[in-house]
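Here is the naming used below: chain letters follow the sequence lines, and residue numbers restart at 1 for every chain.
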Amino acid sequence: MRKTAFLLSLLFCAASMFSCGSAETSDTSETSQASSETQQPEDGIDYDLTTMSSTMIYSTVSNMILYPDVYEGKMVKLEGNFSVYHDEGGDKYIFAAIVPDATACCQQGIEFVLDGDYKYPDDYPEEGQSITIKGAFNSYDEYGFKYVQLLNAEMKVNA
Amino acid sequence: MTEKIDKLMEYLQFPAVRYAIIVGLLISLCSSLLGVTLVMKRFSFIGDGLSHVAFGAMAIATVLNVTDNMLIIMPVTVVSAVLLLRTGQNTRIKGDAAVAMISVGALALGYLLMNLAPKNGRTSANLSADVCSTLFGSTSILTLSQKDVITCVVMSAIVVAVFFFFYTKIFAVTFDESFAKATGIRSDLYNLLIAVVIAVIIVFAMNFVGSLLISALIIFPALSAMRVFKSFRSVIVCSVIISLFCASMGLLLAILEGTPVGSTIVAADIAVFFIFSIISMVARRGEK
């Protein structure tokens with residue numbers, strides 16, 4: 001039995017080396033980054049969330065919020081529900097694409113800034129309307145917190 | 001089918017998915033090893049109580065803005081496990097009441113504290129996603145960092161090593177504690193060891209299936225195995241196989257079909273339990 005335990009412990013050590021070893025040890029925050037050699041970007045998109053299952057979409061958005069450095073500058077395309085917040089402190093509108101989880105009990109979103117001169121509410125859809133957003137991932141600090149957004153974004157309102 | 005396999009291969013390129021599979025299998029292995037002992041000692045519900053305590057501890061860590069919340073969650077859960085298992089030894093009703101009291105109390109206080117968490121400056125705090133993920137394990141397993149994986153691998157190795165090194169003692173304490181005591185085994189010490197190991201498993205399993213569903217991960221594989229097998233060793237081996245199978249199937253299905261991870265794994269466990277119950281019924285009729 002002790003031999004078995006010893007062998008199993010060795011197995012775990014080997015598994016830890018294989019699973020978390022060499023190629024990925026440089027940065028603990030690369031959790032959700034797909035390896036660039038195998039990921040086939042379409043039309044300059046690095047992360048196309050519109051082709052993923054709802055669980056994968058939600059977890060990828062979570063990873064983007066948790067580990068923004070990994071996604072910095074990457075082109076992201078995602079589908080979500082349009083939402084707008086009024087930032088009292090900065091007196092500005094913040095637009096976001098909201099993504100629900102598999103059971104739709106929880107939701108989170110990514111802020112976007114459209115490329116061009118758009119005025120709210122004339123140039124934006126109604127809240128809750130399904131939209132597809134494509135933009136460059138960026139993170140910034142405000143009020144002592146880190147926020148993520150898609151810059152130079154293109155918005156398509158879905159039927 | 002080929003399309004699904006291609007999609008799965010695409011998802012496997014994401015380190016988050018690979019980490020989820022590794023951690024998921026390790027948690028399933030550990031929980032199934034101890035599951036048999038817990039079921040036989042009639043502590044099936046302790047997983048629920050401890051996971052709620054872990055949730056409450058996580059809320060405290062969030063309110064205190066502790067970067068590494070494990071520093072609070074782990075000791076609080078371990079202490080609670082020790083207290084619960086020790087209370088449970090005295091009188092059964094008191095033990096049940098203690099589990100229920102700590103379980104709901106920690107859950108309620110945890111949720112209350114989460115809502116008192118620091119506001120994020122721009123808007124009011126929105127921690128509903130964290131709460132949902134922590135309670136039901138919707139996606140938190142898919143947001144692990146490399147550090148989380150390494151911690152889980154090390155802790156799992158310790159849990160497995162402890163189980164195998166003390167296998168005979170755990171076996172004795174599980175079946176007949178009084179007899180074990182009479183033969184000179186320090187049952188209190190081994191109960192304490194079991195409590196600590198369970199707490200460690202619970203804390204890690206919270207990421208996998210969520211704190212409301214942890215009990216399923218502990219009891220279903222053990223109960224399914226007990227339907228068909230009778231010896232302690234065969235039940236444990238079968239329980240481990242069932243647990244690993246259900247975890248991997250549930251996880252892959254959730255990723256592919258977009259279902260919540262925790263409940264999909266538990267659904268797989270329930271399905272296997274019914275299959276094993278039917279096998280057991282058929283086998284008993286065959287014997288008659």
Check the surroundings of atom CZ in Phe245(B): do more than 12 heavy atoms from other residues, nucleotides or ligands lie under 6.0 Å from it?
-> no

Could you tell me whether Lys7(B) atom NZ has more than 12 heavy atoms of other residues or ligands within 6.0 Å of it?
-> yes

Any donor-acceptor pair under 3.5 Å linking the side chain of Thr55(A) with the backbone of Ile255(B)?
-> no

Give a yes or no on whether the backbone of Thr143(B) and the side-chain of Tyr67(A) come within a donor-acceptor separation of less than 3.5 Å.
-> yes

Do Ser53(A) and Tyr11(B) pass the side-chain contact (heavy atoms from CB on, under 4.5 Å) test, and can you show the C-alpha distance, the side-chain angles, and the key distance before you say yes or no?
-> CA-CA 10 Å; Ser53(A) 72; Tyr11(B) 288 153; 3.8 Å; yes

Distance (rounded to the nearest 0.5 Å) between Phe14(B) CZ and Asn63(A) CG | 9.5 Å

Side chain, backbone, both or neither of Leu256(B) within contact of chain A (heavy atoms, under 4.5 Å) = backbone

